[in-house]
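The basis for the numbers below is simple: all heavy atoms, side chains too, and nothing from hydrogens, waters or symmetry mates. Order of the sequence lines fixes the chain letters, A, B, ..., with proteins taken first and strands second; residue numbering starts at 1 for each chain.
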Number of protein chains: 2
Amino acid sequence: MEQKQKSEFTKQLILEESFRLFYSNGFKSTSVDKVMLATKLTKGAFYHHYKNKQELGLAVITTKVKERVYDGMVAPLYQPGNALDILKATFIDRLKSFSIHEKKHGCPMNNLINEIGDEEIAYQIALKKIIEEWQAALIFLIDRGKLEKSIQQNIESKAVAIYLISAFEGIRGIRKLYQDDAILEAYISGLSFYLQKLEV
Amino acid sequence: MEQKQKSEFTKQLILEESFRLFYSNGFKSTSVDKVMLATKLTKGAFYHHYKNKQELGLAVITTKVKERVYDGMVAPLYQPGNALDILKATFIDRLKSFSIHEKKHGCPMNNLINEIGDEEIAYQIALKKIIEEWQAALIFLIDRGKLEKSIQQNIESKAVAIYLISAFEGIRGIRKLYQDDAILEAYISGLSFYLQKLEV
DNA sequence: TAAAAAACATACTACCTAGTATTTTATTAC
DNA sequence: GTAATAAAATACTAGGTAGTATGTTTTTTA
């Protein structure tokens, strides 16, 4: 049973280093050689654990990228409390909490969507799954807010969910072009106004 | 004077083919060789007109990409008429008018922002310029709408402008993951609700 | 403990990459 | 018409790319 652990450790190591490199330098700019240099293992180890680079890309999306979005943007939506407050907290606080690195390099998911989201159907399916998990959590929260009368009844939960996600991913990209946070503050101001209009 | 025309024609040809290939396959996946194969010229011609691939990338951004955004999303904002109607028309009609190809491959500007927007400051400056031209047009229109009492006085024009742009670019990326327009319809519904809240 | 299998290393292939050096062809200026 | 110059073609370099073939070491199983 020791071999399985070792194998799992290596696969995880490759996953972590490749996520890190994909995020910093992009998917296409990150070669298998570069990933394996970072792990201090060799190409032989890589092709023993993964069929090819696409399989690695998919593994990174379905594990690291998915977990990142889930932890940061999905799980908080299932917490108890006033629905609108949770929306505000999740979207605004998350943005404010980003490191310099995360502001400079944008959203790992959005980067992949725009770099390779139109290339392989397999990538589309994997990335779509993350978006839909996020969307479902938002719809759940908005519906709860309607029931609990903190959010207006007449709005379309799905439309609001998509509009929130779109704007968030959009600004993560745009922020990459700037050296300071002024653009984020404008976004937060725009978002706050929007959320206010959802209030009952 | 015939030589200058020929030179200009070649530069334009290279620009057009590279924009097309960057848009379809991405910037990094498009080699100088591929571009020149499309022009039916050779590498010698390329390096006679451009210093390197970065200079080509910048030229594509400052001409083709910029013009595309200007024609589709900026110029319409300077037309006369009810400000809110113009906002609706520009954002919603533009989205509805996209070809299958444009839906599949997203926004050329947003693709570049997310693929190379964190790599070179030169790219950032060039891309930022387009965003700011767009933003300025939106602020101008929203301010006009306030004056003409079709848009609420108490909103922040800049915040609304950034929120509109973010959501639009965001959905252009997300749409790449899907095979149909349902997600766009949800976005349009979300956008319509938002625009309605700007109304006086 | 020996054979089998898994984990990993080494060495390699075939091809693509940006960019350069040099030559040929077309155009312009005198 | 000829020298100079611009436009473009050809041939090349040095290094990176994904992936393969094969060998070695470690672990498991019988």
Considering only D:dG19, C:dA9, C:dG19, which nucleotide approaches the side chain of A:Leu41 most closely?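 Given the options D:dG19, C:dA9, C:dG19, the side chain of A:Leu41 is closest to C:dA9.
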State which of D:dA9, D:dA18, C:dA18 makes the closest approach to the side chain of B:Thr42.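 When the side chain of B:Thr42 is considered, D:dA9 is the closest of D:dA9, D:dA18, C:dA18.
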Under 4.0 Å between a side-chain N/O of [X] and OP1 or OP2 of [N], yes or no?
X       : N      : result
B:Thr10 : D:dA7  : no
B:His48 : D:dA8  : no
B:Lys34 : C:dT17 : yes
A:His49 : C:dA6  : no
B:Lys6  : D:dA7  : no
B:Ser7  : D:dA7  : yes

Please list every donor-acceptor pair under 3.5 Å in which a side-chain atom of residues 80-88 of chain A meets a protein atom from a residue at least two apart or in another chain.
residue, atom, partner, partner atom, Å
A:Asn82, OD1, A:Leu84, N, 3.0
A:Asn82, OD1, A:Asp85, N, 2.9

Mind calculating the distance between [atom1] ([X]) and [atom2] ([N]) to the nearest angstrom?
X       : N      : atom1 : atom2 : answer
A:Glu55 : D:dG19 : CD    : C1'   : 14 Å
A:Leu13 : C:dA7  : CG    : P     : 15 Å
A:Asp33 : C:dC8  : CG    : C1'   : 15 Å
A:Tyr47 : D:dG19 : OH    : C1'   : 5 Å
B:Lys11 : D:dA6  : NZ    : P     : 14 Å
B:Phe9  : C:dA26 : CZ    : C1'   : 16 Å
B:Met36 : D:dA7  : CE    : C1'   : 11 Å
A:Ile14 : C:dA9  : CD1   : C1'   : 13 Å

Centroid-centroid distance, B:Tyr163 to A:Phe193, less than 6.0 Å: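 Ring centres of A:Phe193 and B:Tyr163 not closer than 6.0 Å.
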Enter the inter-axis angle for the ends of the helix from C:dT1-D:dA30 to C:dC30-D:dG1 (five pairs per end, rounded to 10°).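 Comparing the first five pairs with the last five, the axes sit 10° apart.
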Are A:His101 and A:Ser24 linked by a side-chain donor-acceptor pair shorter than 3.5 Å?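 Yes, because at least one side-chain N or O of A:His101 sits under 3.5 Å from a partner of the opposite role on A:Ser24.
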Looking only at the side chains, is there a donor atom on one of A:Thr39 and A:Glu17 sitting less than 3.5 Å from an acceptor on the other?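 No pair is found: no donor N or O on one side chain lies under 3.5 Å from an acceptor on the other.
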Is a donor on one side and an acceptor on the other found under 3.5 Å between the side chain of A:Tyr23 and the backbone of A:Ser18?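 Not at all, since once roles are kept as given, no pair shorter than 3.5 Å links the two residues.
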Heavy atoms only, 4.0 Å cut-off, all strands: where does B:Ser31 land among base, sugar-phosphate and nothing?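 Sugar-phosphate, backbone atoms only, no base.
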Row check, B:Tyr194 ring normal vs A:Lys197 NZ/CZ: under 6.0 Å, within 45°: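 No, A:Lys197 does not sit over the ring of B:Tyr194.
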Has the side chain of A:Lys43 got a donor or acceptor atom sitting under 3.5 Å from an opposite partner on the base of D:dG19?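 Under the 3.5 Å cut-off, the side chain and the base do form a donor-acceptor pair.
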For B:Ala45 and A:Gly44, take the nucleotide of DNA chain D holding the closest heavy atom to each; which residue's nucleotide lies nearer the 5' end?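 Its nearest nucleotide being more 5', the pick is B:Ala45.
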When the nearest nucleotide of DNA chain D is assigned to A:Lys53 and to B:Lys40 on a heavy-atom basis, which residue is associated with the more 5' position?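 Checking each residue's closest nucleotide, the 5'-ward one belongs to B:Lys40.
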Name the orientation class of the two ring planes belonging to B:Phe140 and B:Tyr78 (parallel below 30°, tilted from 30 to 60°, perpendicular beyond 60°).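 B:Phe140 and B:Tyr78: tilted rings.
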Classify the angle between the aromatic ring planes of B:Phe168 and B:Phe98 as parallel (below 30°), tilted (30 to 60°) or perpendicular (above 60°).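 Geometry flag for B:Phe98 against B:Phe168: tilted rings.
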